4 protein chains.
Amino acid sequence: MGDIFLSEVMGTGMLTLLGCGVVANVLLPKSKGFNGGWLLINFGWGLAVFAGVFVAFSSGAHINPAVTVGLLASGAEEYAAGIPVTFGNTMIYFIAQMIGAFLGAILMWAAYKDHFNEEADPAAKLGIFSTGPEIRNTTSNLITEIIGTFVLVFVIISFGNTPDQLGPLAVALLVVGIGASLGGPTGYAINPARDLGPRLAHAILPIKGKGGNDWSYSWIPVAGPLVGGLLGGLAAAAVSFV
Amino acid sequence: MGDIFLSEVMGTGMLTLLGCGVVANVLLPKSKGFNGGWLLINFGWGLAVFAGVFVAFSSGAHINPAVTVGLLASGAEEYAAGIPVTFGNTMIYFIAQMIGAFLGAILMWAAYKDHFNEEADPAAKLGIFSTGPEIRNTTSNLITEIIGTFVLVFVIISFGNTPDQLGPLAVALLVVGIGASLGGPTGYAINPARDLGPRLAHAILPIKGKGGNDWSYSWIPVAGPLVGGLLGGLAAAAVSFV
Amino acid sequence: MGDIFLSEVMGTGMLTLLGCGVVANVLLPKSKGFNGGWLLINFGWGLAVFAGVFVAFSSGAHINPAVTVGLLASGAEEYAAGIPVTFGNTMIYFIAQMIGAFLGAILMWAAYKDHFNEEADPAAKLGIFSTGPEIRNTTSNLITEIIGTFVLVFVIISFGNTPDQLGPLAVALLVVGIGASLGGPTGYAINPARDLGPRLAHAILPIKGKGGNDWSYSWIPVAGPLVGGLLGGLAAAAVSFV
Amino acid sequence: MGDIFLSEVMGTGMLTLLGCGVVANVLLPKSKGFNGGWLLINFGWGLAVFAGVFVAFSSGAHINPAVTVGLLASGAEEYAAGIPVTFGNTMIYFIAQMIGAFLGAILMWAAYKDHFNEEADPAAKLGIFSTGPEIRNTTSNLITEIIGTFVLVFVIISFGNTPDQLGPLAVALLVVGIGASLGGPTGYAINPARDLGPRLAHAILPIKGKGGNDWSYSWIPVAGPLVGGLLGGLAAAAVSFV
């Protein structure tokens, strides 16, 4: 159990440290990547997954509650080699992912602290930690997050059927692609922990000039990805990917 | 047969969901990837192929009638392991690819619906679903699509001769490259289903403020890729790639 | 012999079709990749190598006289499996590479013909076919081409020592990197055939409004890469890469 | 010993030749990659690592004192196959890395000499050789470099646990990701030799119109990466990556 916990904390921490980091680089004033474009953000998040998957190998590198839910829904018997699907293990995954995502965002803030101090707009600060929609519409935003996470989980579960030696690169590139293609409306949370963990960090950290945490939106990047992951796992089972 | 059908529907659906999605992200107002550049579009389409190939593994992941035609022309005996080249199977591939491309475009529209509503220009809306030339010229546009698809099919059939473990990444990167290098004049359909399926979706969907479907151009991104795929398959056989 | 010839013609043709193609896409008016940036050009050329290496597998995919010269200088006994290093074979490689590069550039022109017609500047047209320096200085330009090609050949010969399954992707990414890092001053010919073949095509093709072929510069992207390849091969032998 | 030395000199030389080269391409006037953006710089440095790792295979391709320190701290018994961890070998690594980084920067300058002459700003010239912070703050800059290097070393040591055949591509992509995500404040030295070697080259070379070497900052990209590497190695040992 300790192994799962530590592995998922490290992997999800790496994910938000690097993932939120690239957004900081692009949004914050005086940063060398300022205004660096959407593809830079896509590669930054994709390679954040890349690093996170390597360090979380012993727990199967879910680093995302939607992936855990997807595997559960798919009827898989193990979350990773030697880790049976049980209620207890599921809870350990969820808790570890939330804690990791929270801690990674704190490290990201430490790396960019002086640049946060230069930023005047509170919304930009929050936007580095958590996602927000460009056009606020509960139904539409949910649909977009459901579709994006469905693609993530459905394709990940299909990976085992095609021989290759890409390892963590396959999921990293898939995340680059989902961001490029489906990230436009909501910023592709596609991972409840990735969004809620850093939002809690934003709420707690003494960030200079920070504003609210947009709690009214915060349930969408949790619920949408959970539904998307569930549907992805069910669909993968239905078409015999598992 | 059902296996081929479902596999190609899923793969081609993934292709147009993610592929048309990146164009929506770059073209539609208020989208986070707005004006994100040609390389973003190239990676988006390439990684759309990447995802599509993984989920369509059981049918050999053609997800493109031009690839099916190319294999047929090359004299291959099987479309994938255990799937003989027959008239019936060829038809199943074609029909499934069209249906998949149609459905993927509908999902893409669902993900970007509010942003479509913000767009005033009907041509931009159509341009997210289907390709259109920058300079309209039947002969030139046909030639460009033939060359692009020739490269796609000819190089894909050569893959088996070079040992590597890239799996679906090889075709994904090939598509990134074709888009970067040969996509400038016509937007690289290089796949009849990728163009016609979403065009039908555009015709049928209740898209706010949409214009015509440019049927007068629509045969070019069908005929050009079919000819290019045919030539690619014949050439591959002539130089002993098969 | 016919096998080497055809293989190198196809590979080098693919190289200049796609490589010169991405420059056309970025430079020519009304092209969808217009003004798409240096990284787009770097990926376009890198993936042109990727495609070229796949189709030229049977000759070891030199597709570059500087690579052939480097292997010769390194003391290798074979140019590829079953192809001994002989004077005759060396000549076949050189001739095939030139012919392939010439033909690929013609196909590129066919794909972009209407866009060439829209371009008013003759220098831009030539710049799509062949390289030219930003600051004209024989010594400096030669040094830059020598260094770039040295890196290419030296690193390629080292590939066999590190286990991986990247296949043609390794050389493709190396070319992306050389372009990104050393392409600034002269546009990284790093391949005599890639520069001279398309320059001959430019000289012969009926391109609307074309200007001169800049013959006074043309020997630099031939001589520089040959010297760089020679040094790369000698250095690889000296440090026991061969 | 000579093998380690030569291998690390070559690898680190390749690293700064290509790595500083991409910065020259983006910063220097009249260069073809001028103003090419942060992602271009990230890919340039990542692929510089890619090339450097291939040519330094016989010494395990540290090409970075922070990696050597990390392996030492992790309790590894060998620096590479057949190279025991000893004080003497550690010194050979450090000295070779410094010399390689110094020599690579000189070659980079040779490739871009005419463009350096066109640049009027001395700070831009130094910025091509060595890193500098956007907001000067000793504590913050140290923290950023420590975090970035921690990620580098911690993830590299984890590589062996996940099966893949990416070879040098894994570390190359990790460096692309660290640059994209954590390079904003200080320009990601994450390698003492990469910063100090080129700074010495800048001090010694007859660069037209050059300014100071910013010695007052120079200890930060040395000390930060060494501390980060040390912590990365200790953490990797603590969580049983070694």
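Hydrogens, waters and symmetry mates are skipped; everything else that's a heavy atom, side chains included, is used. Here the structure is a predicted model, which means the values were calculated and not measured.
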### Residue pair C/I63, C/V67: steps toward the side-chain contact (heavy atoms from CB on, under 4.5 Å) verdict
CA-CA 8 Å; C/I63 66 175; C/V67 171; over 6 Å; no

### Task
Kindly indicate, with the supporting measurements, whether the criterion side-chain contact (heavy atoms from CB on, under 4.5 Å) is fulfilled by D/M10 and C/F241.
CA-CA 12 Å; D/M10 292 190 306; C/F241 280 177; 3.9 Å; yes

### Query
Given C/V155 and D/F50, is the side-chain contact (heavy atoms from CB on, under 4.5 Å) satisfied, shown in steps?
CA-CA 10 Å; C/V155 179; D/F50 187 66; over 6 Å; no

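Take D/A61 and apply the side-chain contact (heavy atoms from CB on, under 4.5 Å) test, not counting sequence neighbours, and it matches D/V53, D/A56.
Two residues are said to be in side-chain contact when any heavy atoms from C-beta on lie closer than 4.5 Å; C/V85 and C/L72 meet this criterion. D/L205 has its side chain within reach of D/F129: a pair of non-hydrogen atoms, C-beta onward, lies under 4.5 Å apart. Side-chain atoms of C/L28 and C/F34, non-hydrogen and from C-beta on, never get closer than 4.5 Å to each other.
Per-residue heavy-atom pair counts under 4.5 Å with chain D were compared for C/A180, C/G177, C/G179, C/P185, and the maximum is reached by C/P185. Looking only at heavy-atom pairs under 4.5 Å with chain C, the residue among D/A110, D/G21, D/G19 that has the most is D/G21. Contact count against chain C (heavy-atom pairs under 4.5 Å) is highest for D/L18 among D/L169, D/L107, D/V23, D/L18. Interface remark: of the candidates C/L166, C/I178, C/I143, C/L166 forms the most heavy-atom pairs closer than 4.5 Å to chain D. Note on D/V22, D/I41, D/V26, D/L39: by heavy-atom pairs under 4.5 Å with chain C, the leading option is D/V22.
Across C/A172 and C/G46, no two heavy atoms sit closer than the pair CB-O, 3.2 Å. Annotation for D/P198 and D/C20: closest pair CG-SG, 4.1 Å, computed over non-hydrogen atoms. Heavy atoms only, all atoms of each residue included: D/P84 and D/G82 are closest at CD-O, 3.4 Å.
Proximity to chain D involves both the backbone and the side chain of C/L182, based on heavy atoms less than 4.5 angstrom apart. Residue C/L174 touches chain D through both its backbone and its side chain, counting heavy-atom pairs closer than 4.5 Å. Contact annotation for D/M108: neither backbone nor side-chain heavy atoms come within less than 4.5 Å of a heavy atom of chain C.
Atom CZ of C/F116 is separated from atom CD1 of C/I207 by 6.0 Å, given to the nearest 0.5 angstrom. Residue C/L27 holds its CG atom at 5.0 Å from CD1 of C/I128, rounded to the nearest 0.5 Å.
Contacts with chain D (heavy atom to heavy atom, under 4.5 Å) involve no residue of residues 218-236 of chain C.
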Check chain C against chain D and list any donor-acceptor pairs under 3.5 Å.
from, atom 1, to, atom 2, distance (Å)
C/G132, O, D/K32, NZ, 2.8
C/E134, OE2, D/K32, NZ, 2.9
C/N137, ND2, D/D114, OD2, 3.3
C/S140, OG, D/D114, OD1, 3.1
C/S140, OG, D/D114, OD2, 2.9
C/T144, OG1, D/A111, O, 2.8
C/Q165, N, D/Q165, O, 3.0
C/A180, O, D/N25, ND2, 2.8
C/S181, O, D/Y112, OH, 2.9
C/S181, OG, D/L18, O, 2.5
C/G184, N, D/Y112, OH, 3.2
C/G184, O, D/K32, N, 3.0

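Among residue pairs with one or both ends in residues 159-184 of chain D, those qualifying as ring pair (Phe, Tyr, Trp, His ring centres under 6.0 Å) are A/F54-D/F159; sequence neighbours excluded.
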